[in-house]
Each structure stands twice: as C-alpha cells, then as structure tokens.
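The next block holds one structure in the form of structure tokens; read it before the comments.
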Amino acid sequence: MLAVPEGNVIHHHARRLGRAFTRKQVHADSPQGRFADGAAHVDGHRIRRVEAHGKHLFIGVDDGTWIHVHLGLFGKWRFGRGERPVPVGQVRLRIWTDEAWAELRGPTACELLMDAEKRDLVRRIGPDPIRKDADPERAWSRVHRSSTSIGALLMDQKVFAGVGNIYRAEVLFRHELNPYRPGREVSRETFDALWVDLVVLMTKGTKRGRIDTVREEHLPEAMGRAPREDRHGGEVYVYRRDGRPCLLCGAEVQVADLQGRKLYWCPSCQPA
DNA sequence: AGCTCATGGCGAG
DNA sequence: TCGCCCTGAGCTG
C-alpha cells in the first residue's frame with residue numbers, strides 16, 4: 001500500500017478500514033509488542049466506525065473506546081484479503097477477520113483513547129477540507145489576524161487539518177500566492193478561493209490515493225517532464241521541482257527551509 | 001554496509 | 001529553533 005501521509009491518504013485508509021471492519025467482530029494483536037495492551041483490549045470486539053480528521057485516524061470500538069493512529073512521516077498501512085501474512089519486521093498493530101486484514105508499521109501514534117479524549121483531540125485540530133462538516137470560518141479567523149506567513153499557516157494542523165507539504169506548495173502556486181505573505185494580508189476572496197481549491201484537490205486525492213494538482217490545460221507540459229521528476233506519484237507544478245523551469249513561465253523553481261520543512265515556489269508566478 | 005533524505009509532529013529550552 | 005522519534009528507499013562506496 002502506497003503511503004503518502006497527507007490528509008487525503010488518511011481518508012483513503014479510513015474508507016478502506018471501514019469497508020473491511022465496520023460492524024465486524026475483529027481480532028487484533030501487536031507482534032512488535034508496543035501496542036500489546038491496546039490490541040488485547042480490542043481483540044474480540046466489534047468495530048463501530050472508522051473516521052479521519054486531518055491526518056488523524058480513529059477506529060471506533062463497540063465499548064466506546066477508539067484506536068487513535070497518526071502515521072507521522074514514516075507510518076504505513078498494508079491491507080489484504082484472506083489469511084493474514086506472517087509478520088515481518090516491526091508490526092505495531094494487526095487487525096483481521098476471516099475475510100480481510102490490515103497491518104500498521106512505524107506510526108508516530110497508536111494508542112487507545114476514551115471517547116472524551118478523542119473528542120478533545122478532534123476539537124483541537126483545525127477544519128479539514130475533506131470533511132463535509134468542516135467550518136472554513138475557523139481557518140479564516142486564524143489566518144486573517146495572523147502575522148505568520150501563509151506558507152507556515154497552511155502546514156499548521158490547528159488552522160488547516162490534513163494539508164501537508166505537497167498541497168501547501170501546490171495550492172499556493174495555483175493561486176499565485178507568495179508563501180511568505182503574512183496571513184493578515186491575504187484577502188477574504190483569496191482565502192475563499194484557496195479553501196474551495198483545497199476541498200476539490202484533496203477530495204480528488206482521496207479517491208485517487210495520489211496527489212494531482214496540474215490543471216488540464218497544463219498537462220501537456222507536465223507530461224513532457226523526465227520521469228524522475230515525478231517521484232511523489234502525481235502531477236505537480238512546483239513540489240520537489242527546485243532548480244527546474246516553472247511549467248508556466250520557465251523561471252527557476254525555488255526551494256527554501258521554512259520551519260524545518262522544504263518550501264517550493266516559483267518566484268515569478270508567485271511574486272512577493 | 002553506511003549514509004541521506006522523506007509527504008510529520010512533539011517537547012525542551 | 002533544535003533534537004528526537006518512527007521506517008524504508010535510494011543513493012554512495
């Protein structure tokens with residue numbers, strides 16, 4: 001299973017886990033041992049529902065508890081049908097029925113939460129563009145009174161839940177927004193367009209399980225690129241394209257460090 | 001075999 | 001802002 005842990009992929013995982021385990025009585029264990037107590041607690045119980053909020057995934061158990069999973073940078077789910085494979089390496093959690101299995105490795109978080117703890121966690125993160133119940137006003141109220149750059153705000157999970165480094169770079173490019181512009185200097189019109197675009201792009205990314213952000217009219221230019229430019233698995237304008245010409249204007253795509261993460265942008269299409 | 005880097009986030013200072 | 005945690009792929013030698 002390709003793991004690309006921005007919000008779109010977490011929602012993709014939630015759907016997959018939901019289809020396999022909702023209303024099913026499951027088995028669970030932790031071959032690695034680091035979630036042994038949690039797995040033993042869940043083993044033999046029925047799964048109620050599976051939810052994604054930003055990059056957080058919650059598996060609801062019939063006693064009201066939740067398995068909370070955050071993949072971080074390295075976490076991965078694997079899914080399969082039929083008999084579960086013999087665990088190889090560090091497997092934190094396995095869930096299975098007679099028909100299907102799922103295997104989790106390398107997550108930043110895998111813990112059992114009480115219902116109140118899960119609600120508090122969801123309340124603490126910002127609106128998630130993929131969720132129908134998301135309230136963009138919460139994001140706007142943070143952005144429009146902030147001196148922090150829009151590039152940093154897009155990565156702040158308390159402002160925009162689920163946006164990662166690829167969507168950050170790409171949505172800024174699509175709106176000709178300089179990453180260093182302070183949030184308070186982003187107009188309401190621009191914010192609204194940005195939000196709608198995140199909803200469209202990330203929802204599409206959930207269905208496809210990959211990130212594509214290049215508009216149809218620019219696809220011929222994108223398709224003409226060397227294959228090694230496309231290592232993230234989708235078609236993009238600027239992400240990881242530093243030193244190469246912008247697809248639209250030919251200027252050299254820039255890269256810089258912003259709060260320990262790489263930021264990509266076109267200096268000509270996204271002027272200061 | 002060993003090093004670097006990655007789509008993330010936390011806590012210490 | 002830095003160091004640290006988690007894992008695996010893609011280099012280098």
Side-chain angles (χ1 to χ4, degrees), chain A residues 1-14 30-36 38 52-58 67-78 87-94 102-111 113 117 120-122 124-126 128-130 148-149 151-173 179 198 201-206 208-214 226-243 253 255-265:
Chain A
M1 179 68 201
L2 179 74
V4 187
E6 296 199 25
N8 64 308
V9 167
I10 309 308
H11 280 264
H12 192 78
H13 292 158
S30 175
Q32 174 202 50
R34 288 183 55 180
F35 189 58
H53 297 261
K55 297 170 188 168
H56 298 264
L57 185 136
F58 302 92
I67 304 174
H68 168 227
V69 173
H70 194 296
L71 294 181
L73 200 46
F74 310 125
K76 279 179 177 53
W77 282 103
R78 278 179 69 209
V88 177
Q90 303 285 87
V91 177
R92 185 77 58 90
L93 167 66
R94 294 191 296 179
E103 205 181 70
L104 173 68
R105 348 166 63 94
T108 284
C110 175
E111 58 183 350
L113 296 182
E117 295 176 301
D120 287 347
L121 199 161
V122 169
R124 282 198 299 273
I125 61 179
D128 172 352
I130 298 175
T148 304
S149 67
L153 288 167
L154 278 165
M155 290 286 278
D156 184 339
Q157 301 299 299
K158 294 189 289 303
V159 183
F160 297 92
V163 176
N165 209 12
I166 306 178
Y167 283 122
R168 183 251 300 260
E170 295 299 306
V171 82
L172 287 171
F173 179 89
L198 284 171
L201 291 176
M202 293 176 74
T203 302
K204 196 168 73 176
T206 301
R208 296 191 180 179
R210 57 178 254 177
I211 298 178
D212 295 284
T213 61
V214 175
R228 69 175 297 276
E229 284 190 60
D230 193 23
R231 278 173 296 176
H232 56 279
E235 294 298 345
V236 295
Y237 286 106
V238 292
Y239 174 72
R240 276 223 210 185
R241 295 198 64 247
D242 51 302
V253 174
V255 63
D257 195 281
L258 182 61
Q259 298 175 333
R261 306 300 301 283
K262 287 196 172 175
L263 171 68
Y264 304 87
W265 80 102

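These numbers were taken from a predicted model, which means no experiment stands behind them. By convention in this document, chain letters (A, B, ...) are assigned in the order of the sequence lines, proteins followed by strands, and residues within each chain are numbered from 1.
Using P as the reference atom, B:dC5 and C:dG13 are 14 Å apart when rounded to the nearest Å. B:dG13 and C:dC5 have their P atoms separated by 15 Å, given to the nearest Å.
Side-chain contact between A:M155 and A:N165 is present, with at least one heavy-atom pair separated by less than 4.5 Å.
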Where do N or O atoms of nucleotides 10-13 of chain B meet protein N or O atoms at under 3.5 Å, pair by pair?
none

Dump every N/O contact between nucleotides 1-4 of chain B and the protein below 3.5 Å, one line per pair.
none

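Looking at the side chain of A:Y239, the nearest of the listed nucleotides C:dT7, B:dA6, B:dG8 is B:dA6. Here C:dG8 is the nucleotide among B:dA6, C:dG8, B:dG9 with the atom lying nearest to any side-chain atom of A:R105. Side chain of A:H70, nearest nucleotide from B:dG9, C:dT7, B:dA6: B:dG9. Of the listed nucleotides (B:dG8, B:dA6, C:dC6), C:dC6 has the atom at the smallest distance from the side chain of A:R92. Listed nucleotides B:dA6, B:dG9, B:dG8 differ in distance to A:Q157; the shortest reach to its side chain belongs to B:dG9.
Protein atom CG of A:L93 is 16 Å distant from nucleotide atom C1' of C:dT7, rounded to whole Å. Per the geometry, CZ belonging to A:R168 stands 12 Å off P belonging to B:dG9, to the nearest Å. Atoms CG (A:L258) and C1' (C:dT1) sit 12 Å apart, rounded to a whole Å. Taking atom CG of residue A:D257 and atom P of nucleotide C:dT1, one finds them 9 Å apart after rounding to whole Å. In this entry the distance linking CG of A:L71 with P of B:dG9 reads 10 Å, nearest Å. As a whole-Å value, the separation of A:F74 CZ from C:dG10 P is 15 Å. Separating the CD atom of A:Q90 from the C1' atom of C:dC5 is a distance of 13 Å, rounded to the nearest angstrom. The OH-C1' distance, from A:Y264 to B:dC5, rounds to 10 Å in whole Å.
Residues forming a side chain to side chain donor-acceptor pair (under 3.5 Å) with A:E111 (at least two apart in sequence, or on another chain): A:H68. For A:Y167, there are no ring pair (Phe, Tyr, Trp, His ring centres under 6.0 Å) partners at least two apart in sequence or on another chain. Applying the side chain to side chain donor-acceptor pair (under 3.5 Å) test to A:D120 and every residue at least two apart in sequence or in another chain returns A:R123. A search for side chain to side chain donor-acceptor pair (under 3.5 Å) contacts involving A:Q32 returns A:R92, not counting sequence neighbours. The ring pair (Phe, Tyr, Trp, His ring centres under 6.0 Å) test applied to A:H11 returns no partner, not counting sequence neighbours. Taking A:Y237 as the reference, A:H218 meet the side chain to side chain donor-acceptor pair (under 3.5 Å) condition, with sequence neighbours excluded.
A donor-acceptor pair is defined here as one N or O able to donate and one able to accept, closer than 3.5 Å; such a pair exists between the side chain of A:D212 and the backbone of A:E235. Formation of a donor-acceptor pair under 3.5 Å by the A:E6 side chain with backbone atoms of A:G162 is not found in this model.
For C:dT7, neither phosphate oxygen OP1 nor OP2 lies less than 4.0 angstrom from any side-chain nitrogen or oxygen of A:K76.
Applying the salt bridge (Lys or Arg N to Asp or Glu O under 4.0 Å) test to residues at least two apart or on different chains, the pairs with a partner in residues 155-168 of chain A are A:R142-A:D156, A:D156-A:K158.
If you check every strand for non-hydrogen atoms under 4.0 Å, A:R34 touches sugar and phosphate atoms only. Using a 4.0 Å heavy-atom criterion, one finds that A:Q32 contacts the sugar-phosphate atoms exclusively.
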